[in-house]
Amino acid sequence: MEKKAKLIIGEDTYEFPIIEGSEGEKAIDFRKLRQATSHISFDPGFGNTGSCTSAITFINGEKGILRYRGIAIEELAEKATFVETAYLAIYGRLPLKQELADFSLNFTKHSMIHEDMKNLFKGYPAAAHPMGTLSAMVCALSSYYPELLKPEPTPEEIDTIAIELISKVRTLSAFSYKKSIGEPFVYPLHGLRYVANFLHMMFASPNSNYKIDEDIVKALETLLILHVDHEQNCSTSSVRLVGSSQANLFASASAGICALWGPLHGGANQKVIEMLQMIIDDGGNLDKYVAKAKDKESGFRLMGFGHRVYKNFDPRARIIKAKADIILNKLGIHDPLLDIAIKLEKVALSDDYFVERKLYPNVDFYSGIIYRAIGIPSKMFPVMFSIGRMPGWIAQWKEMIESKELKIGRPRQIYTGDNLREYVPIDKRK
Ligand code: ACO
């Protein structure tokens, strides 16, 4: 028998269908709620609201599960490459050998940006945050492909835009960095694969080569894989919302970068590093900062702790913590920030406040430490996140565009302002 949810408002009872996902997640289908009851659902922050069905990512926050297209994140982090994972996210299955070779080759072929785009970079001040530059550049990319900016692109056109975005986001990111340090741009090299090519563009210069270290490539590859998708988070929802108006994929991805910039989302790992440094500079008194985080009046939160969905542990944080140890040992780096991070994790996890609220280290708690070890400065951390998340944004946008349920996103509100009142001429106002 089909299950229904009953809603009683005053004397009236309404029935709504229940829908169920492939992993048993249930939702009350409220699409006809307003029409049937003249009420809307009120859920600021959307913690209880499903905005779509999706076959890309499965998360069980209580059990600490994350899977892309059914494959566990732990397995992908160990066995897959970033490019392979990008294919999986976008096309729903692991690529065959030739498909992967073609997909990779396309990233190599399309890694250069239009030479004129360098003039756009020139117009930016050196002090500009690279996220602002990157989001503008990703949106500006659309200007170079007017033939692809249709409200309803064909699957082949979406494939082309996907290649352009995934390939060029790393070039644009590296150029944003070079601009911020006043060094000349380094062009991508055809002989290098995706991650190695990015490192080359970041760290080589006209007067010195950058030696590719396979361990560093693997560490960065893992970080990018962990960031590929995370269902309907703030930036992905932004991409879907913008795309739901049939805005093109370049514009939608650019909106995703803007959403990711915020310290409560992609900017968190930069804030983690700043927080750990502040604690060290202040004498390393962890109890003081844990107490401050518990004091609501202070406005201070332990950055890198807590997650809207994970209420047990963040599986990505576990993978990254292990990688941080390996990469620091390999590079012979002793980072006092890692020491203080491990201690802080212990102190916080034995404190009732954090235990009761199920606040655990999230993906951002340790990722910044690896980026630092590789030589990537903290203002570039959210940029790294954008490179990793680009395939996820594309997969989600494509899924939405191809869905029969596509509707422009338009939440409602409960108005709490003034009731009707008259316009008062300026000389009569008090
Ligand atoms: N430090 C101290 N207290 C916290 C923290 C924290 N980091 N996070 C949540 N809390 C407390 C809240 O004050 C609240 O307490 P209360 O119930 O007494 O009022 C309770 O825990 C629940 O917090 P919410 O803000 O309601 O949780 P929400 O799910 O909305 O927020 C978020 C999740 C934004 C990640 C939050 O935990 C946070 O601000 N963390 C720090 C920033 C951070 O690390 N962001 C990265 C997220 S991962 C990512 O984007 C890839």
Side-chain angles (χ1 to χ4, degrees), residues 43-49 57 59-62 64 66 68 73 77 131 222-239 256-276 278-279 286-321 337 341 344-371 378 381-393 396:
D43 184 22
F46 312 124
N48 305 285
T49 298
T57 291
I59 300 176
N60 182 323
E62 281 70 35
L66 168 61
Y68 301 154
I73 192 66
M131 281 298 264
T222 308
L223 281 165
L224 296 182
I225 290 170
L226 297 183
H227 285 97
V228 162
D229 195 50
H230 215 236
E231 47 134 281
Q232 307 313 315
N233 55 80
C234 177
S235 57
T236 303
S237 297
S238 305
V239 169
I257 295 171
C258 291
L260 198 60
W261 193 354
L264 296 186
H265 192 15
N269 51 5
Q270 180 176 349
K271 294 285 167 206
V272 170
I273 295 294
E274 287 165 11
M275 176 191 75
L276 294 173
M278 180 172 74
I279 296 175
L286 294 174
D287 292 331
K288 173 178 163 187
Y289 284 91
V290 170
K292 203 172 164 191
K294 288 155 58 176
D295 174 10
K296 301 278 186 243
E297 299 298 305
S298 73
F300 173 79
R301 283 188 167 194
L302 279 191
M303 297 311 287
F305 270 78
H307 197 274
R308 171 59 62 83
V309 178
Y310 294 117
K311 300 296 175 195
N312 189 338
F313 67 94
D314 181 341
R316 303 167 301 171
R318 282 195 176 167
I319 298 168
I320 288 188
K321 188 179 174 186
L337 261 58
L344 182 60
E345 180 182 345
K346 267 201 191 120
V347 174
L349 293 187
S350 57
D351 189 292
D352 283 349
Y353 174 94
F354 288 86
V355 175
E356 278 162 18
R357 288 169 180 75
K358 299 187 190 300
L359 299 169
Y360 295 85
N362 58 47
V363 65
D364 289 320
F365 193 61
Y366 288 106
S367 61
I369 290 168
I370 303 187
Y371 288 139
S378 58
F381 294 175
V383 171
M384 303 307 299
F385 196 155
S386 308
I387 300 175
R389 187 54 57 90
M390 187 58 80
W393 290 333
Q396 298 271 354

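Every heavy atom of this structure was used, including side-chain atoms; hydrogens, water molecules and symmetry mates were not. The structure displayed is predicted, hence computed values, not measured ones. Whatever order the structure lists them in is the order used to number ligands and atoms, beginning at 1.
- Among protein residues, Leu264, His265, Ala268, Ala293, Lys296, Arg301, Leu302, Met303, Gly304, Phe305, Gly306, His307, Arg308, Lys311, Tyr353, Arg357, Leu359, Asn362, Val363, Asp364, Phe385 come within 4.0 Å of ligand 1, judged on heavy atoms.
- For the residue pair Gln396 and Gln232, a side-chain donor N or O sits within less than 3.5 Å of a side-chain acceptor on the partner.
- With sequence neighbours left out, the side chain to side chain donor-acceptor pair (under 3.5 Å) criterion links Asn312 to no other residue.
- Taking the six-membered ring where the residue is Trp, the centroids of Tyr310 and His230 are separated by under 6.0 Å.
- The salt bridge (charged side-chain N to carboxylate O under 4.0 Å, His left out) analysis of residues 350-362, with sequence neighbours excluded, yields the pairs Lys294-Asp351.
- Partners of Lys346 according to the side chain to side chain donor-acceptor pair (under 3.5 Å) rule, which considers only residues two or more places apart in sequence or in another chain, do not exist here.
- Using bins of under 30°, 30° to 60° and over 60° for the plane-to-plane angle, the ring pair Phe365/Phe305 lands in the perpendicular bin.
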